[in-house]
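Worksheet: one structure, shown below.
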Protein chains: 2
Amino acid sequence: MSGRTVTIAEVARHAGVAVSTVSYVLSGKRTISADTRRRVLDSISALGYHPNAGARALASKRSNVIALVLPLRAGMHVPVLMRFASAVVTAARRFDHDVLLLTADEGTEGIRRVAASALVDALVLMDVELHDRRVPLLRELAEPSVLIGFPAERAGLTCVDLDFAAAGARCVAHLSERGHTEIALLGAPAVVYERGTGFARRTREGFTDAVAAHGLDGVALPCEETFDEIHETVARLLADRPGLSGMVVHNEAAVNHVLGSLRQLGRRVPGDVAVVAICPDDVAERASPPLTSVLIPAEEVGREAVRLVMEKLRGAPVPEATLLTPQLTVRAST
Amino acid sequence: MSGRTVTIAEVARHAGVAVSTVSYVLSGKRTISADTRRRVLDSISALGYHPNAGARALASKRSNVIALVLPLRAGMHVPVLMRFASAVVTAARRFDHDVLLLTADEGTEGIRRVAASALVDALVLMDVELHDRRVPLLRELAEPSVLIGFPAERAGLTCVDLDFAAAGARCVAHLSERGHTEIALLGAPAVVYERGTGFARRTREGFTDAVAAHGLDGVALPCEETFDEIHETVARLLADRPGLSGMVVHNEAAVNHVLGSLRQLGRRVPGDVAVVAICPDDVAERASPPLTSVLIPAEEVGREAVRLVMEKLRGAPVPEATLLTPQLTVRAST
DNA sequence: GCCGGTCGTCGAAGCGCTTCGACACTTTCA
DNA sequence: TGAAAGTGTCGAAGCGCTTCGACGACCGGC
């Protein structure tokens with residue numbers, strides 16, 4: 001059974017039908033009588049048949065593989081990226097597709113290669129920058145693609161993401177409702193803003209606009225990831241702004257350090273300072289105290305990205321932009 | 001150029017040679033005159049030719065894709081896993097292979113599927129447990145595989161990993177040299193030990209054996225990942241053992257919390273308590289204070305795993321076990 | 001000046017699958 | 001009751017590549 005590899009011809013012979021009949025049973029593209037179908041399926045499991053992926057790809061011009069392009073840049077929070085990635089793999093399997101992993105080492109050449117060689121049918125790209133070098137390439141590719149994140153110029157592309165501007169605004173609104181009037185945003189590391197990563201900037205804009213709209217006093221700062229740097233940022237922030245009583249933290253790696261720093265400075269959460277985070281639920285739940293947070297819905301975004309790319313593969317029209325509405329969960333920190 | 005897809009036949013016609021000649025230029029499996037080779041390569045770049053992966057796989061019985069099986073289990077430190085994964089992708093590309101990402105959702109069935117369908121030529125498996133359900137399957141598969149980690153029964157397999165027992169011992173030796181006589185190991189979360197994950201247990205054994213060998217007083221504890229749990233563990237440890245002056249932390253996620261906890265308890269590092277970590281260098285460097293550490297050489301392990309799997313693909317014999325020697329870097333925490 | 005060897009190239013036979021057109025049978029309905 | 005319209009199945013033609021055997025052309029050695 002696991003000796004030599006079984007071909008469709010052997011299945012056909014075993015079941016006493018033509019090769020094409022086996023193929024149609026498998027693909028469902030033509031009607032097959034219940035009786036024949038049974039016989040074929042029995043033969044398939046009796047012989048342990050698995051269609052050869054290469055042959056299938058060659059004949060059908062579909063590899064049933066999608067590429068996941070995951071640059072793994074500095075300052076990105078890897079566990080969050082992996083949740084996206086994992087969601088993409090799971091969702092792809094549900095559409096009977098596998099996932100080829102592409103990292104940044106090869107640059108855009110890798111994308112061109114896997115697309116041109118028909119190794120993949122479609123692409124899902126993560127960690128999109130505002131001026132992403134991959135975007136022009138996607139435009140000239142025949143293969144459909146979906147971006148997780150938004151570049152500056154998105155005409156003709158398909159993008160999915162959490163609505164980070166709304167997320168920033170939602171946090172401000174929550175703090176405002178709680179009566180805080182002087183608040184701060186601790187965001188991504190400076191390098192991430194400089195690189196022009198969309199989600200960091202959009203959160204900051206959402207924060208800033210909402211601060212103005214609510215008539216609050218607010219400041220937005222980048223936030224590095226080592227304890228010492230964060231501690232210094234937090235200490236200076238509190239020293240400079242004695243009236244500050246609310247913080248929004250949009251940086252998974254920094255969340256715990258910010259809390260540690262406040263602890264060390266003798267500030268109680270939420271007594272002295274209320275904290276809202278934008279991060280996955282498990283990070284918020286495991287913090288001490290558990291944090292009021294806006295969830296980064298990685299699973300949902302990944303699933304949606306795959307769904308959209310499959311629609312495009314079918315030739316169905318899809319919206320250019322899909323923004324998921326942020327959901328705020330109140331926990332112990334506000 | 002990026003309109004229709006270019007085939008080898010078009011390249012052959014453009015260069016005025018036979019299809020097989022183009023193939024031999026590409027594969028180097030027969031000698032081709034310098035002149036012909038030039039013409040063919042020129043045509044290839046002029047037409048923007050990329051060989052069709054499916055056709056190549058079908059004809060050559062090699063997909064030039066390897067599977068990376070990455071379960072993403074609870075308690076595993078994702079950034080570390082991703083460094084392995086990223087190293088595997090980079091190394092695979094160097095051998096002209098791509099990487100298919102398999103997660104745990106499908107269980108062993110996914111492995112069987114990609115192997116039987118010839119979607120992949122070989123497999124690299126990560127996060128191996130002592131009694132891993134995937135191991136029996138690997139034994140019956142025709143495709144070569146390499147494990148990153150060691151199962152209990154490893155006969156007939158190929159495994160690579162850091163020598164964690166030596167790493168645990170190395171940390172003990174270092175603390176002993178520094179004059180510490182009462183020390184503790186803070187290890188992985190309890191669930192990881194229960195699952196029988198090899199590296200966690202082997203570190204603990206290395207620690208325990210070395211403690212005995214050096215005539216020290218030592219205790220090994222599991223260590224969860226939230227600040228509150230860690231703080232409690234650390235506080236109780238210090239309360240129970242007033243003479244304790246050295247700690248080994250083998251838990252990337254907990255490292256910063258342990259330091260935060262010591263800070264909060266008013267213990268100076270390294271003045272009151274010396275800390276050695278087993279973690280990637282960047283985690284150690286970014287901690288406060290920077291930690292003396294044994295590096296988890298993710299890049300090296302990933303590269304070695306790929307090298308071994310390529311050797312096996314060539315039919316070359318490879319050692320069953322490859323253990324990388326731990327390297328201790330002294331920083332500010334001891 | 002003829003013979004065995006390389007060297008460089010070609011043509012053709014698959015690799016295992018999908019898909020198209022064809023073809024027997026049934027049904028259906030004027 | 002016969003033509004039209006399904007149903008269910010088959011055979012064969014590729015899909016684009018690798019690889020095998022064949023075959024001139026050229027080499028040196030006798």
Side-chain angles (χ1 to χ4, degrees), chain A residues 4-41 43-44 47-65 96 113-121 142, chain B residues 4-41 43-44 47-65 96 113-121 142:
Chain A
R4 249 193 52 279
T5 129
V6 184
T7 73
I8 198 173
E10 297 171 49
V11 174
R13 200 173 319 128
H14 187 274
V17 299
V19 161
S20 49
T21 302
V22 176
S23 177
Y24 287 124
V25 166
L26 253 20
S27 70
K29 292 192 179 172
R30 286 204 179 169
T31 47
I32 297 287
S33 68
D35 178 52
T36 305
R37 175 194 308 287
R38 257 267 61 77
R39 283 215 318 290
V40 169
L41 292 176
S43 298
I44 285 176
L47 300 177
Y49 169 68
H50 287 262
N52 179 289
R56 200 199 269 264
L58 179 57
S60 68
K61 307 196 165 309
R62 279 296 181 82
S63 66
N64 275 32
V65 174
D96 198 31
R113 181 174 53 79
V114 297
S117 67
L119 224 191
V120 305
D121 297 333
Chain B
R4 248 193 54 279
T5 130
V6 183
T7 72
I8 197 173
E10 297 171 49
V11 174
R13 198 173 321 126
H14 187 275
V17 299
V19 162
S20 49
T21 301
V22 177
S23 178
Y24 287 123
V25 166
L26 252 21
S27 71
K29 292 192 180 171
R30 286 203 180 171
T31 46
I32 296 287
S33 68
D35 177 53
T36 305
R37 174 194 309 288
R38 257 269 57 80
R39 282 217 319 289
V40 169
L41 291 176
S43 298
I44 285 176
L47 299 177
Y49 168 69
H50 287 263
N52 179 289
R56 200 200 269 264
L58 179 57
S60 68
K61 308 196 163 307
R62 281 295 182 84
S63 66
N64 275 32
V65 174
D96 198 30
R113 181 175 53 78
V114 298
S117 67
L119 224 190
V120 305
D121 297 332

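Residue numbers begin at 1 in each chain, while the letters A, B, ... track the order of the sequences.
- Nearest-nucleotide assignment on DNA chain C puts the 5′-proximal partner with B:Y24, out of B:Y24 and A:S60.
- Side-chain atoms of A:R30 come within donor-acceptor range of the base of D:dT9, with a qualifying N/O pair under 3.5 Å.
- Using a 4.0 Å cut-off, no side-chain N or O of A:K61 falls inside it from OP1 or OP2 of C:dC17.
- At the heavy-atom level, A:S33 lies under 4.0 Å from the strands shown only through sugar-phosphate atoms.
- A:I8 places its CD1 atom 19 Å from the P atom of D:dG14, with the value rounded to the nearest Å.
- A donor-acceptor distance shorter than 3.5 angstrom exists from the side chain of B:S43 to the backbone of B:R39, with no hydrogens or angles considered.
- Comparing A:V19 and A:R39 along DNA chain D, the residue whose closest nucleotide (by nearest heavy atom) sits nearer the 5' end is A:R39.
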Steps toward side-chain contact (heavy atoms from CB on, under 4.5 Å) verdict (B:N52, B:T7):
CA-CA 8 Å; B:N52 179 289; B:T7 72; over 6 Å; no

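- Atom-to-atom, CG of A:L26 to P of C:dT18 comes out at 7 Å; the value is rounded to the nearest Å.
- Considering only the side chain of B:T7, D:dC17 comes nearest among D:dT7, C:dG11, D:dC17.
- Side-chain atoms of A:N64 never come within 3.5 Å of backbone atoms of A:A57 as a donor-acceptor pair (strictly under, hydrogens ignored).
- Among D:dT9, C:dC17, D:dT19, the nucleotide with an atom closest to any side-chain atom of A:I32 is D:dT9.
- Considering only side-chain N and O atoms, A:S20 lies nowhere under 4.0 angstrom from the phosphate OP1 or OP2 of D:dG11.
- Spacing between atom CG of A:D35 and atom P of C:dC25 amounts to 17 Å, rounded to whole angstrom units.
- Taking every heavy atom of both residues into account, A:D121 and A:K61 meet most closely at OD1-O, 4.5 Å.
- The structure places OH of B:Y49 at 12.0 Å from CG of B:L41, a figure rounded to the nearest 0.5 Å.
- Residue B:N52 contributes atom CG, which lies 18 Å from atom P of C:dC15 at whole-angstrom precision.
- In terms of position along DNA chain D, the nucleotide closest to A:A34 lies nearer the 5' end than the nucleotide closest to the other residue of the pair A:A34 and A:L58.
- Residue-level contact check: B:V17 touches the backbone only, with heavy atoms under 4.0 Å from sugar-phosphate atoms and none from bases.
- Looking at the side chain of A:P51, the nearest of the listed nucleotides D:dC15, C:dC17, D:dC10 is C:dC17.
- For the residue pair A:S33 / A:T36, a side-chain donor-acceptor distance below 3.5 Å is found, with atom types taken as modelled.
- Considering only side-chain N and O atoms, A:T21 lies nowhere under 4.0 angstrom from the phosphate OP1 or OP2 of D:dT9.
- Residue A:A59 places its side chain closer to C:dT18 than to any other of C:dT18, D:dT9, D:dT19.
- Whole-Å rounding puts the B:L119 CG to C:dG16 P distance at 16 Å.
- The CD1-P distance, from B:I44 to D:dG16, rounds to 16 Å in whole Å.
- Regarding A:E10, its CD atom lies at a distance of 11 Å from the P atom of C:dC15, rounded to whole Å.
- Checking the phosphate oxygens (OP1, OP2) of C:dG8, no side-chain nitrogen or oxygen of B:T36 falls inside 4.0 Å.
- To the nearest angstrom, P of D:dT7 lies 14 Å from CZ of A:R37.
- Distances shorter than 4.0 Å separate none of the side-chain N or O atoms of B:K29 from OP1 or OP2 on D:dT18.
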